[in-house]
Amino acid sequence: MVLPEEVAARILAETVRRRASLRDVAVGFFSRNPELDYMKPIVRVLTLGVARHYLLLDRVLVSLGYGPPSHSQRWMLARVLVYEALSGKLKPTRARKLAEKAGLDPDKLLELRGADPREFVKGLSGLDRLSVLYSFPRWMLEELLEARIPDLPKLLEVLNSDPVRWIRIRPGVDRKWLAERLQEQGVVIEPDKDLPDVARIVKGASEATRTREYQEGLYTIQDKASTLVGWVASPRGRVAADPTAGAAIKASHMAWLGARYVVAGDVKPQRLQEAKRTLSRLGLGHIVDLAVGDARMPYWRKLDVVIVDPPCTDIGRLQYEPEVKLWLTRGDLHYYRRLQLRILASVAKSLPRGATIVYSVCTLTRSETVWVLRRLLETHPDVEIVEPEPVLGERPQGLPKAQRMLPHLHKTQGFFIAKLAKIA
Ligand SMILES: C[S@@+](CC[C@H](N)C(=O)[O-])C[C@H]1O[C@@H](n2cnc3c(N)ncnc32)[C@H](O)[C@@H]1O
């Protein structure tokens, strides 16, 4: 009989091999193996735990004489077993059954139970210590250090934990009434003090997409920092677009904020299928049009406001997708920043005087955010940076007119937001 640890190892190995989302790979696995459905909660804990702490687990394994580390299924199983042992939850019967499959000695494994992870970083200092203790590749830490994040260890700790969840509420829906309805279904929300259409999920996040009100489109799941992007765009009465729209979360927000008409584009048709579902649930098909297109080659006309929310390193979303840490490289970062610059430049070129661009990315590296904007402003004298109001975040160094939201300070995803105006 297959055990949850083996399933977790298999899902982890496939995730890295395909550079896919852990969630998608797990959904695929359990739909092919419905008889194992009961394992879902434990597999979720194990896969997230390993993805969040993989470098520390490797260090423990190497200190026991194993290695070198890899992303093979067998090494993933070793990581899973060490993770379970350090959390004090590995049962001796399980260890004896599985250790051999992972190439480990069960007694050595069982000795790890309840050990303090800090013991294994003794002898390391500075970035090397942070890199192993929080399991962040060194280059990523160098990038975050350069971005001058206040209290970096706290940020890393929070990025390795579950996120605070937020919802965005449809205009005209009474927040008190909605809170009462949701409470009856096990979801407790608390209105946000900064944004009038945002509420924090205090309890029952896993039920939040199963309520009647969700199905009826009275609210949607959206992080507060991501909702802030729509407010900064301020699209009321204007013709708007999100040419990298994905599931149309921000595009649908612009419609709720009173945009006259919205174009939601994406280069991948399957992402627009997700957008279609979002828009149909929210009843927005009459305001938002979908378009398959490459944002580097403008296919739109006469827009007043555009959100440019392009692909990025996703470091601000690591609470949701820690698996990205296992494969992302500095080379990816350079690819993303060039792509961001090309999309921004093509949007800027296509817009008339007086139009607005909001550049947002769920990452915090200066090599994306600040570098991209500096390059854009150097080469486009007809574009200037303006205040991204409302300002809820803190100001990144060197760009006093942008703002960034930080998971450990603002309880949101890590996000960078800047607003640009076309002045000629
Ligand atoms: C960060 S996601 C966008 C999220 C979206 N704005 C939202 O609020 O839900 C980036 C999206 O850009 C799309 N993309 C990547 N390259 C693109 C390109 N050259 N043109 C248009 N879309 C692109 C990806 O398919 C992905 O869906």
Side-chain angles (χ1 to χ4, degrees), residues 19-21 23-24 166-168 195 197-198 209 219-233 235 240-257 259 262-282 284 288-300 303 305-318 320-321 324 328 332-350 357-365 368-369 372 405 412-418:
R19 290 180 67 145
S21 108
R23 195 175 166 277
D24 290 349
W166 300 88
I167 63 170
R168 163 166 57 88
L195 299 174
D197 55 356
V198 171
T209 53
Y219 67 92
T220 195
I221 309 291
Q222 187 178 10
D223 185 81
K224 177 178 171 181
S226 161
T227 309
L228 177 59
V229 176
W231 282 100
V232 170
D242 177 349
T244 56
I249 302 299
K250 294 185 189 70
S252 66
H253 191 207
M254 290 202 282
W256 274 3
L257 286 174
V262 184
V263 180
D266 203 285
V267 77
K268 294 188 188 148
Q270 71 271 27
R271 297 280 355 239
L272 291 181
Q273 289 305 319
E274 291 173 50
K276 212 169 174 175
R277 286 195 288 277
T278 307
L279 298 173
S280 120
R281 189 174 55 78
L282 302 181
L284 286 171
V288 186
D289 270 342
L290 299 178
V292 177
D294 187 331
R296 289 169 293 186
M297 289 177 260
Y299 52 85
W300 49 81
L303 296 171
V305 50
V306 178
I307 290 179
V308 174
D309 187 43
C312 68
T313 49
D314 277 342
I315 291 171
R317 277 181 49 78
L318 285 175
Y320 293 85
E321 293 182 349
V324 170
L328 204 69
D332 295 317
L333 178 147
H334 288 135
Y335 166 77
Y336 286 131
R337 72 176 187 177
R338 278 196 305 272
L339 179 61
Q340 291 166 24
L341 181 60
R342 281 194 62 188
I343 294 177
L344 267 176
S346 84
V347 168
K349 203 166 157 206
S350 74
I357 303 171
V358 177
Y359 164 57
S360 70
V361 270
C362 54
T363 190
L364 300 166
T365 71
E368 291 166 276
T369 62
V372 170
M405 301 290 275
T412 62
Q413 287 178 14
F415 241 97
F416 175 95
I417 305 172

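Whatever order the structure lists them in is the order used to number ligands and atoms, beginning at 1.
With no hydrogens or angles considered, a side-chain donor-acceptor pair links R281 and T220 at under 3.5 Å.
The ring pair (Phe, Tyr, Trp, His ring centres under 6.0 Å) test applied to F415 returns no partner, not counting sequence neighbours.
Using a 4.0 Å cut-off between charged side-chain N and carboxylate O, K268 and D266 make no salt bridge. In this structure, R277 does not pair ionically with E274, as no charged nitrogen and carboxylate oxygen lie closer than 4.0 Å.
For ligand 1, the protein residues within 4.0 angstrom (heavy atoms only) are D242, P243, T244, A245, G246, A247, A248, I249, K250, D266, V267, K268, R271, G293, D294, A295, R296, D309, P310, P311.
Proximity of a side-chain donor or acceptor of D294 to a complementary backbone N or O of V267 within less than 3.5 Å is not detected. Under the 3.5 Å distance criterion, the side-chain polar atoms of R168 are matched with a main-chain donor or acceptor of I249.
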